[in-house]
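Right, one structure below, let's go through it.
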Amino acid sequence: MATHPDTELVRRGYDAFTRGDMEALGSLMTGDCTHHAPGSHALAGHFKGRDNVLDLYRRMHEETGGTMRVGLDTVMADGRGHAISVHRFTAERQGRTLDARGALFFTIVGDKFTDIDECVEDIDASDAFWS
């Protein structure tokens, strides 16, 4: 069975993110791409514009001192410009550890991410980790 192009796009995005390759990741986004991060901490909110989204990802890598790992579990596409990914996120920060599942809901236009909505398994644990 052939892999849907939207599924492959998400897989390429995860690969670039886990390698810390912001240039490659940025090439997969529209200029006005937005990432919606849940919670009530400094890295939560709506990050509009490719540069702001990439700055969020850089900050995540920096805040966790290279300990952050994201293991992609599955990707599902609807064939109409939407894809959902499920992953496991692990990291250490300021003496705290986070090991949780999460998901991203992607809107894709013209083979690029235009909107990324993030969901976390345990929002309280996420807030405690990033606060």
Side-chain angles (χ1 to χ4, degrees):
M1 181 184 300
T3 302
H4 190 276
D6 291 346
T7 299
E8 183 55 36
L9 178 67
V10 170
R11 289 187 185 283
R12 288 195 330 262
Y14 268 82
D15 178 62
F17 181 86
T18 58
R19 290 184 290 110
D21 187 345
M22 296 302 134
E23 184 176 333
L25 187 53
S27 74
L28 306 177
M29 300 175 183
T30 60
D32 63 347
C33 182
T34 302
H35 183 114
H36 310 275
S40 58
H41 52 82
L43 298 180
H46 306 284
F47 299 85
K48 184 159 181 67
R50 178 179 33 234
D51 291 342
N52 291 325
V53 173
L54 294 175
D55 282 343
L56 167 66
Y57 299 161
R58 281 187 196 96
R59 286 180 60 198
M60 292 174 73
H61 280 279
E62 290 169 3
E63 290 281 331
T64 59
T67 65
M68 182 174 59
R69 300 288 180 262
V70 180
L72 181 60
D73 180 44
T74 191
V75 180
M76 297 167 270
D78 70 357
R80 298 177 293 120
H82 303 105
I84 296 174
S85 63
V86 178
H87 59 261
R88 177 163 295 283
F89 176 92
T90 60
E92 296 175 11
R93 178 177 179 270
Q94 298 178 354
R96 293 178 289 234
T97 300
L98 183 64
D99 182 353
R101 291 172 13 120
L104 298 175
F105 179 82
F106 297 89
T107 302
I108 300 165
V109 175
D111 298 323
K112 294 197 183 257
F113 304 130
T114 62
D115 198 76
I116 305 166
D117 278 299
E118 180 181 352
C119 295
V120 295
E121 182 176 51
D122 184 339
I123 199 156
D124 292 332
S126 179
D127 280 342
F129 179 78
W130 292 111
S131 294

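Please read all numbers here as calculations on a predicted model, not as lab measurements.
The minimum heavy-atom distance linking Lys112 with Ser27 is given by the pair NZ-O, 2.6 Å. Closest non-hydrogen pair, Cys33 versus Val53, comes out as O-CG2, 3.7 Å. Shortest non-hydrogen contact noted between Val109 and Thr114 is CB-CG2, 3.7 Å. In plain terms, the two heavy atoms of Leu54 and Gly26 that are nearest each other are CD1-CA, 3.8 Å. Nearest approach of Ile123 to Gly39, heavy atoms of both residues: CD1-N, 3.7 Å. Shown here for Arg93 and Phe129, the closest heavy-atom pair between the two residues is NH1-O, 2.9 Å.
The CD1 atom of Ile84 lies 12.0 Å from the CG atom of Asp6; values are rounded to the nearest 0.5 Å. Note that CG of Asp117 and NE2 of His82 are 10.0 Å apart. Values are rounded to the nearest 0.5 Å. Note: Met76 CE to Phe105 CZ = 11.0 Å, rounded to the nearest 0.5 Å. Atoms NZ and NE2, from Lys48 and His35 in turn, are 14.0 Å apart once rounded to the nearest 0.5 Å. Taken to the nearest 0.5 Å, the CG atom of Asn52 stands 9.5 Å off from the CG atom of Leu56.
When atom types are taken as modelled, the side chain of His61 and the backbone of Phe17 share a donor-acceptor pair closer than 3.5 angstrom. With hydrogens and angles ignored, the 3.5 Å screen pairs a side-chain donor or acceptor of Thr64 with a backbone N or O of Met60. Put simply, the side chain of Arg69 gets close to the backbone of Gly66: a donor and an acceptor are under 3.5 Å apart. Checking side-chain atoms of Thr18 against main-chain N and O of Val70 turns up no donor-acceptor pair under 3.5 Å. Judged by distance alone, with hydrogens and angles left aside, the side-chain atoms of Thr67 form a donor-acceptor pair with the main-chain N or O of Glu92 at under 3.5 Å. Judged by distance alone, the side chain of Arg50 and the main-chain N or O of Met29 form a donor-acceptor pair under 3.5 Å. Panel note: side chain Arg96, backbone Ser131; a donor-acceptor pair is recorded below 3.5 Å.
A salt bridge links Arg19 to Asp15: at least one charged side-chain nitrogen sits closer than 4.0 Å to a carboxylate oxygen.
Put simply, Leu72 and Val120 are part of two different groups of oily side chains (I, L, V, M, F, W, Y) that touch within less than 4.5 Å, one to the next. Leu43 and Met22 fall within a single hydrophobic cluster, where Ile, Leu, Val, Met, Phe, Trp and Tyr side chains are chained together by heavy-atom contacts under 4.5 Å. When the side chains of ILVMFWY residues are joined at heavy-atom separations under 4.5 Å, either directly or via intervening members, Leu28 and Phe47 end up in a single hydrophobic cluster.
Applying the 6.0 Å contact sphere to CD of Glu23 captures no more than 12 heavy atoms from other residues, nucleotides or ligands.
Residues Phe106 and Ser85 are in side-chain contact: their nearest non-hydrogen atoms beyond the backbone lie under 4.5 Å apart. You'll find the side chain of Phe113 reaches within 4.5 Å of the side chain of Ile108, heavy atoms only.
The side chain to side chain contact (heavy atoms under 4.5 Å, CB included) with His87 is formed by just one residue from the set Val75, Asp73, Leu104; it is Leu104.
His36 and Asp115 share a side-chain donor-acceptor pair at under 3.5 Å.
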